[in-house]
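Since the structure comes first, as structure tokens, the remarks are kept for the end.
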2 protein chains.
Amino acid sequence: MGTATGGRCTWIPRTRPAGSRLYLEGAPAERVWYLKEGTVVLSRANGAGATTRWTLRRPGDLLAPEALVSTGYADTAEALTPVTMCGMARTELDRWLGPTGSPSRTLLSLVLKTRCEETPRRASADGTSTRRLAQWILDEARGGEAPRVPRKVVADLLGMLPETLSRALAKLQAAGAVKADRRTIRVADVDALLRAAGEAQEDTDEDPDPAAETAAP
Amino acid sequence: MGTATGGRCTWIPRTRPAGSRLYLEGAPAERVWYLKEGTVVLSRANGAGATTRWTLRRPGDLLAPEALVSTGYADTAEALTPVTMCGMARTELDRWLGPTGSPSRTLLSLVLKTRCEETPRRASADGTSTRRLAQWILDEARGGEAPRVPRKVVADLLGMLPETLSRALAKLQAAGAVKADRRTIRVADVDALLRAAGEAQEDTDEDPDPAAETAAP
DNA sequence: CGCCCTGTTGACAAAGGTCAACTAGCGTGG
DNA sequence: CCACGCTAGTTGACCTTTGTCAACAGGGCG
């Protein structure tokens with residue numbers, strides 16, 4: 001590892017108390033951190049109003065690497081314990097990484113892009129089967145058509161059985177949201193589909209999050 | 001993107017028919033591919049005997065980037081359609097990427113490491129709540145103790161409610177697998193825990209997978 | 001010392017898994 | 001070219017698991 005570990009890095013070390021929000025999903029992604037001490041949990045809004053915590057970060061992990069390929073943070077990070085982290089401004093990091101277009105930077109970008117796109121899906125072990133299916137279709141459809149993969153595969157990807165998928169799809173068809181035959185699924189009514197994907201916790205108001213969390217400065 | 005896109009790459013293009021296995025989880029990771037055409041599904045054995053398909057790869061995605069940081073493939077890849085992909089041997093890629101220890105390579109390694117470790121967890125939207133909890137504890141425990149995070153956080157990470165988590169934990173304690181108080185969970189009996197994590201589809205024999213899939217050469 | 005927050009336990013309802021029968025499309029072979 | 005059989009997908013009935021709602025307990029902090 002070398003450069004990033006060992007403490008004698010050019011990155012700026014900093015400590016934050018337990019409970020603090022380190023960065024917010026959607027905010028301009030200006031910094032990347034290397035986590036030296038403590039535990040951090042990442043959460044992400046999952047299409048519907050709800051927010052899901054989906055993974056932990058521990059010492060040695062990188063926080064917000066997406067800053068390199070995206071303009072906004074992909075997750076909200078919350079310290080579960082007091083943390084020590086080394087931060088670096090995105091622009092500085094950019095310089096540090098060397099010329100764009102170098103093989104390793106190209107690869108880095110590719111990997112990060114893929115990672116950013118797929119993680120949100122990961123989150124949802126929640127929501128009704130119909131809702132998950134609707135979200136998947138919205139995510140995956142290109143030109144109004146979902147990928148032509150066997151039903152069994154779709155079911156696996158969504159963590160449900162083919163039978164359940166079949167029923168969920170039937171519901172979406174009944175609602176007029178999609179039109180499906182044995183091997184294709186096409187979007188018939190985006191609004192209806194969005195409704196199916198979002199509906200449920202529609203009552204859950206945005207959780208205004210009254211500061212409270214941030215401990216002593 | 002430049003280097004990797006556009007077709008005029010140093011990578012060796014190759015086509016494979018629908019249904020073929022492109023590489024196998026656990027096999028020595030010798031190549032990395034750039035997917036140019038087609039759809040690929042990745043699956044991974046999830047602790048218990050079962051195997052879960054967890055994500056799709058489409059044109060423009062990288063296949064098996066873990067080859068750079070791991071000796072074995074992390075997933076099994078299966079072509080859902082005929083595919084065209086550009087492969088490169090790990091050693092050659094290694095040379096192409098330039099000196100180890102350069103900032104961008106260091107970062108690339110970090111990101112890949114994190115990615116490899118966290119994806120398996122993603123898979124499991126399946127299994128009973130007790131089983132998922134057992135797997136999580138096995139995954140996360142360091143020195144016989146699971147991370148000290150609030151129950152609510154653990155529940156979120158596992159996609160269940162605090163109530164359900166509480167019941168699942170009670171079962172594991174009843175089985176003598178763990179010992180937990182209000183804020184810690186420590187492993188009491190690894191074997192019992194492994195049994196709890198694996199049990200269920202114990203009848204599911206290994207799916208010998210009788211060729212069948214591979215289409216015409 | 002008492003309140004509040006987090007976690008636990010209980011009873012009930014609903015979503016989804018299970019098992020099983022049935023249908024449709026496709027490929028194969030006569 | 002048609003018929004047959006096979007596999008993937010659909011539908012139905014039932015049962016387990018988990019989410020829901022609610023009451024309660026234990027620790028920590030004021």
Side-chain angles (χ1 to χ4, degrees), chain A residues 17-19 41 48 50 52-53 80 124-134 136 146 148-174 178-185 196 199-201 203-204 209-210 212-213 215-216, chain B residues 17-19 41 48 50 52-53 78 80 124-134 146 148-174 178-185 196 199-204 209-213 215-216:
Chain A
V41 63
T52 322
R53 290 192 252 226
L80 291 175
S124 29
D126 51 3
T128 187
S129 60
T130 308
R131 202 164 130 200
R132 269 185 288 157
L133 175 58
W136 184 82
R148 298 199 199 178
V149 299
R151 291 279 194 270
K152 173 77 176 89
V153 174
V154 180
D156 275 3
L157 290 170
L158 294 174
M160 62 180 81
L161 296 173
E163 291 96 319
T164 308
L165 173 66
S166 190
R167 289 182 238 269
L169 194 54
K171 275 193 197 168
L172 290 181
Q173 282 194 86
V178 302
K179 214 168 143 280
D181 64 30
R182 214 171 189 68
R183 58 182 41 228
T184 64
I185 303 176
E199 165 169 300
Q201 317 304 74
D203 44 8
T204 319
D209 182 56
E213 299 281 278
Chain B
V41 63
T52 322
R53 290 192 251 228
E78 184 186 349
L80 292 174
S124 28
D126 50 3
T128 187
S129 60
T130 309
R131 201 164 132 199
R132 269 185 288 158
L133 174 58
R148 299 199 197 180
V149 299
R151 291 280 194 270
K152 174 78 177 91
V153 174
V154 180
D156 275 3
L157 289 171
L158 294 175
M160 62 181 80
L161 296 173
E163 290 95 320
T164 307
L165 173 66
S166 190
R167 289 182 239 269
L169 194 54
K171 276 192 197 171
L172 289 182
Q173 284 194 86
V178 302
K179 214 168 143 281
D181 65 29
R182 215 176 189 68
R183 58 182 43 228
T184 64
I185 304 177
E199 166 169 300
Q201 316 305 74
E202 211 61 339
D203 44 7
T204 319
D209 181 58
E213 299 280 278

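By convention in this document, chain letters (A, B, ...) are assigned in the order of the sequence lines, proteins followed by strands, and residues within each chain are numbered from 1.
- What separates CG of A:L133 from P of C:dA15 is a distance of 16 Å, to the nearest Å.
- Separation of atoms CG (B:L172) and CD1 (B:I185) is listed at 8.5 Å; rounding is to 0.5 Å.
- Per the geometry, CG belonging to B:L161 stands 15 Å off C1' belonging to C:dT6, to the nearest Å.
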5' to 3', nucleotides 6-16 of chain D under a 4.0 Å protein heavy-atom cut-off (B base, S sugar-phosphate only, - none) gives --BBSBBB---
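- In this structure, the NZ atom of B:K171 is 15 Å from the C1' atom of C:dG10, given to the nearest Å.
- Atom CG of B:D156 is separated from atom P of D:dG19 by 11 Å (rounded to the nearest Å).
- Rounded to whole angstrom, the span from the CZ atom of A:R132 across to the P atom of C:dA15 amounts to 13 Å.
- The salt bridge (charged side-chain N to carboxylate O under 4.0 Å, His left out) analysis of residues 160-169 of chain A, with sequence neighbours excluded, yields no pairs.
- Taking 4.0 angstrom as the limit, A:T128 places a side-chain polar atom (N or O) nearer than this to OP1 or OP2 of C:dG16.
- Applying the salt bridge (Lys or Arg N to Asp or Glu O under 4.0 Å) test to A:R148 and every residue at least two apart in sequence or in another chain returns A:E145.
- The nearest pair of heavy atoms linking A:A180 to A:L169 is CB-CD2, 3.9 Å.
- Axis angle, first five pairs versus last five pairs of the helix from C:dC1-D:dG30 to C:dG30-D:dC1: 40°, rounded to 10°.
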For residues 150-160 of chain B, please give each side-chain donor-acceptor pair under 3.5 Å, one per line with the distance, not counting sequence neighbours.
residue : atom : partner : partner atom : Å
B:R151  : NH2  : B:D181  : O            : 2.7
B:K152  : NZ   : B:D156  : OD1          : 2.9
B:D156  : OD2  : A:R53   : NE           : 3.1

